[in-house]
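Data first, discussion second: the structure below is written as structure tokens.
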Amino acid sequence: MPENENNFAGKGEESNRYNPAEIEPRWQARWDADPELYRAEDHTSGKPKFYCLEMLPYPSGQLHMGHVRNYAIGDALARFMWMRGYNVLHPMGWDAFGLPAENAALKNNTPPRQWTLSNIEAMRKQMRRMGLSYDWGTEVTTCLPDYYRWNQWFFLKMYEQGLAYRKSSKVNWCPKCCTVLANEQVVGGHCWRHEDTLVEQRELEQWALRITKYSDELLDGLDMMPGWPDKVRTMQRNWLGRSQGTMVDFAVAESGSESARQLDEPTPPALEQARAGAGKITVFTTRVDTIFGATSIQLAPEHPLVKAWLADDAQLASAVEKMLAEQQAAREADNLGGIEKEGAFTGKHALNPFTGETLPIWVANYILADYGTGAIMSVPGHDERDFEFAQKYGLPIKRVVAPNVDTNDLALPYTGEDEAVLVDSGEWTGENCLEAQDKMASFAEANGFGKKTTTYRLKDWGVSRQRYWGTPIPMVYCTNGHDGVPAGGIVPVPESALPVLLPEHIEITQEGGSPLGKVPEFANTACPVCGGPARRETDTMDTFVDSSWYFYRYTDAKNASAPFDSAKANYWFPIDQYIGGVEHAILHLIYSRFWTKVMRDLGLIENSEPAERLFTQGMVIKDGAKMSKSKGNVVSPDDMIERYGADATRMYALFAAPPDRDLEWQEDGVAGVSRFLSRVYRLASKYAPVVRASRSNAHGDEAAASATAGQTPAGQALLRTLHQTIAKITTDFSGRWHFNTCIAAIMILVNELSAAETAMDSGDVAGITIAEIFEALVLLLAPFAPFVAAELWEQIGGEGVLFRQPWPEADAELARENELEVPVQINGKLVSVVKVSAESEDETIKDVAMSDEKVRTRLAGKTLVKTIVVKGKLVNLVVK
RNA sequence: GCCCGGAUGGUGAAAUGGCAGACACAGCGGACUUAAAAUCCGCAGACCCUUAUCAGGUCGUGCCGGUUCGAGUCCGGCUCCGGGCACCA
């Protein structure tokens, strides 16, 4: 910086000037040249381990402020844990598969691989510029074959275990692109790329992973994860949606005229089939106790029985068609909840197995086809939705539950159950609802028309994507079939043939289904079993697969013969602290929990959960709104670093708000932190010679002893603040993580040092004390502002690598105040403040308070009723 | 509709049930400077009393109530803002 030379004549002056633009690149170069610097010790290390992990980013090419904040938190923690003597694993990687690479390819004609890898390069550079303490030796890039081959390996293992299977499911389909769209690519019901094209719902054969096998474990595990935020656990609980209830069979009664008409007409085989099984409708209910109040059966429009009946009943067919169309429209408008309840009578009836009553069977748009059995018994008296429906269509509404035996006139619908009792329910009348649920379910079970059941909202995980830039699914379809495999049947690729490589030079176009399907060299292959012609699976895996287990790979990133070595994973897992955005609370974090359980059952690891503790940081906000390109309020980290340096940028991200809260980005605040660092730099540089001299004079214990003994009051006061600061920061790191107040505490210390400058210069503070304080100050700064801390550590003659120095110990004795200011209240109102010595007894404190001038005046003529003395806090005099 | 958060000066925020507003930002005043920038020092919740000072008083943590010697903090009932889920039988 040439202006420095102009502004500062003296060389000594210049060295006191904080210049991050000079310091930071210099230290970065030194750190980059030392790949061992942040390398964890081997798993055989005897040290206690600490696995500190931040969520891996998608390599968009640009770090944003959310990343900066996330990594600043993780980095501070990792550095602190190192200094506390832990063996720390602090890795970073890239969630490198995904659609944006394909879009970029379309737009700029750049191959996805090239685009992705150059983005990674750019972001890695930004991270290095930030001074983040990652061990780049364990870097994981999910789009490279040495990673994704293990996705394929896991897929084969899951196939062997019956955890991966083909399933027909509904997908968003763009007829113009001829491809499946992710939910987030559907904008207002239209294809995000073709605004005039409506997205269709299509049934498609897809690969799915049987996550539902672990539903109970995923749910119950949440209760044993106190290190995860309640918010996340609640969200997962709702997502899993376990509900205990009963399946009940209602026999379908054939009505004479209807069936006669049906018999006259030719019946398609599907209908015949449906009719054969049409003996009963199974409903799922959590309130089997209310079954005496059932007044109809409601089927989802997609229910197979409804489909069968449509052919016979044109009126029903058009009603159902209308419902489906409206549902579709609502889905497009993203307003499924706001749709009005509608239904149509099927003309059929069913028998209530408990009462023998005949109930009309309806089709209703509020019944979900994919939850429970797609059929319910409608109890309008005790269910709000059924009530609304029954009112609209004039169906009877019966009361069968009352809050207690005497209260029978409460408005319907009444949905209470805990203390409630049954009425008008035959032999069950008078029973408590909850007890009746159990007994009636058992009764149904014993009589063969019901079963206690647990249902889940969670569905199996559909992992097929009709995309290019993802992990190829390692399956082939044997064209002619062979022994035990029908023509076109599934044959897994043998492990030895992995990886199934993604072809690199392909033309990406907008249309035509799976891009890999149009690459004959890829799609056409030989059946690994019979050698005959075969076609590869041309779908790729959901990118959530990549992020479900990447953190295990970090423990053994170079392993070429296994996803990782179990001994290494078992040493490092579970992750001690996982840090990331709350937006991943459900999908990523459920999928990774699932994957962990699968790996455990495969015998690869011992832990059942991936992370001991999870921290979700708040958003970065600017002008009251989340930063986004469309709002034009994005602040670029590069800009900030250029202007104020990485230290100031990181430190501001920690100082402006506690990490769990949203953070309002104010550039003036960054400038303020930068000014603070200048003050620290100037002071530490100025006293560096004192520190160095004291270090070379001092000899071990002697030095330590003289640091604390025979202090001047000025020195004692500084030491007191120092040790209070150490204590505060140390506690905060292991609990609240309120780094904003930690940094404030360091500021207080530095302000005091500034104020004590004259005292220090005039010899009022011993050199050994000055040394102790500045050494500790630099150590305290290390987790938050590593560049300037490293620089100052060197200037003050510190030995070794700063980030491996032991964290300073707080000395409670030195931190203790010897005189306390105690507020005095009268009837809870502050009246005065008195000074007492820290050792004073309550009685003494009271006496001092009572003799205070202001207190005496106020007390005149009053009667003292009660005195409250809280040691070190206050005195409250209660008077009348 | 349901479930979570949150609400404190002009702004970001701080405060194991114990002096509300630490620490900063912006602001104002001063020092340094020919001047500015930078830096340093000081002031700073609102209102009232006072010619002014010194000092003093009243009110004040979204609203209403409660518990307590004492409530930003705990309890009950609301309002508004943010996030998640949403006909889950």
Side-chain angles (χ1 to χ4, degrees), chain A residues 3 7 17 229-235 237-239 241-243 245-246 283-288 290 298 300 330 335-341 364-368 370-379 382-386 388-389 455-458 582-583 585-586 618-619 621 624-626 652 655-658 660-673 675-676 678-679 682 738 740-751 754-755 757 821-833 854 865-879:
Chain A
E3 69 236 42
N7 290 349
R17 169 135 168 138
D230 288 344
K231 183 182 171 176
V232 171
R233 292 194 287 170
T234 307
M235 282 163 80
R237 222 171 261 131
N238 293 340
W239 184 263
R242 178 162 71 190
S243 108
T246 311
V283 307
F284 174 74
T285 177
T286 53
R287 292 296 305 271
V288 67
T290 63
Q298 303 287 346
N335 183 32
L336 264 178
I339 198 166
E340 197 188 332
K341 289 187 178 44
N365 66 347
Y366 71 98
I367 309 304
L368 304 175
D370 52 8
Y371 182 78
T373 58
I376 64 147
M377 62 177 200
S378 175
V379 186
H382 305 288
D383 181 284
E384 311 226 355
R385 295 151 299 178
D386 295 345
E388 193 186 327
F389 187 87
T455 61
Y456 300 87
R457 189 182 168 280
L458 179 75
V582 74
E583 62 271 21
I586 298 177
M619 287 188 302
I621 303 272
K626 187 178 175 168
Y652 174 74
F655 175 64
D660 54 333
R661 248 205 267 179
D662 286 351
L663 171 123
E664 170 79 29
W665 195 270
Q666 292 180 341
E667 193 172 330
D668 286 335
V670 190
V673 172
R675 277 198 293 273
F676 163 71
S678 317
R679 282 201 297 279
R682 188 189 62 79
H738 279 198
N740 53 333
T741 56
C742 292
I743 294 168
I746 299 178
M747 287 174 170
I748 292 172
L749 174 64
V750 171
N751 289 348
S754 286
E757 231 179 313
E821 293 198 339
V822 181
V824 183
Q825 298 181 336
I826 293 179
N827 291 341
K829 286 189 112 178
L830 182 70
V831 168
S832 184
V833 177
K854 283 180 206 156
V865 181
K866 192 176 175 186
T867 309
I868 290 139
V869 179
V870 184
K871 254 279 171 50
K873 288 288 183 192
L874 61 24
V875 176
N876 190 10
L877 304 168
V878 186
V879 299

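Chain naming here is simple, since letters A, B, ... match the order of the sequence lines and numbering starts at 1 in each. Not measured: the values here are computed from a predicted model. Reckoned from all heavy atoms, side chains included, excluding hydrogens, waters and symmetry mates.
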How close or far is atom [atom2] of [N] from atom [atom1] of [X], stated in whole angstroms?
X	N	atom1	atom2	answer
A/Arg675	B/rA37	CZ	P	13 Å
A/Lys873	B/rA15	NZ	P	12 Å
A/Leu877	B/rC19	CG	P	15 Å
A/Leu830	B/rU58	CG	P	11 Å

Would you say [X] places a side-chain N or O within less than 4.0 Å of OP1 or OP2 belonging to [N]?
X	N	value
A/Lys829	B/rG57	no
A/Lys231	B/rG5	no
A/Tyr366	B/rA89	no
A/Arg457	B/rA86	yes
A/Ser243	B/rA89	yes
A/Asn751	B/rA22	no

Original post:
Which of the following nucleotides, B/rG12, B/rC3, B/rC4, is nearest to the side chain of A/Thr234?
Top reply: B/rC3
Original post:
Is the NZ or CZ atom of A/Lys341 both under 6.0 Å from the centre of the six-membered ring of A/Phe389 and within 45° of that ring's axis?
Top reply: no
Original post:
For A/Asp386 and A/Tyr366, what are the C-alpha separation, side-chain angles and deciding distance, and is it a side chain to side chain donor-acceptor pair (under 3.5 Å)?
Top reply: CA-CA 9 Å; A/Asp386 295 345; A/Tyr366 71 98; 2.7 Å; yes
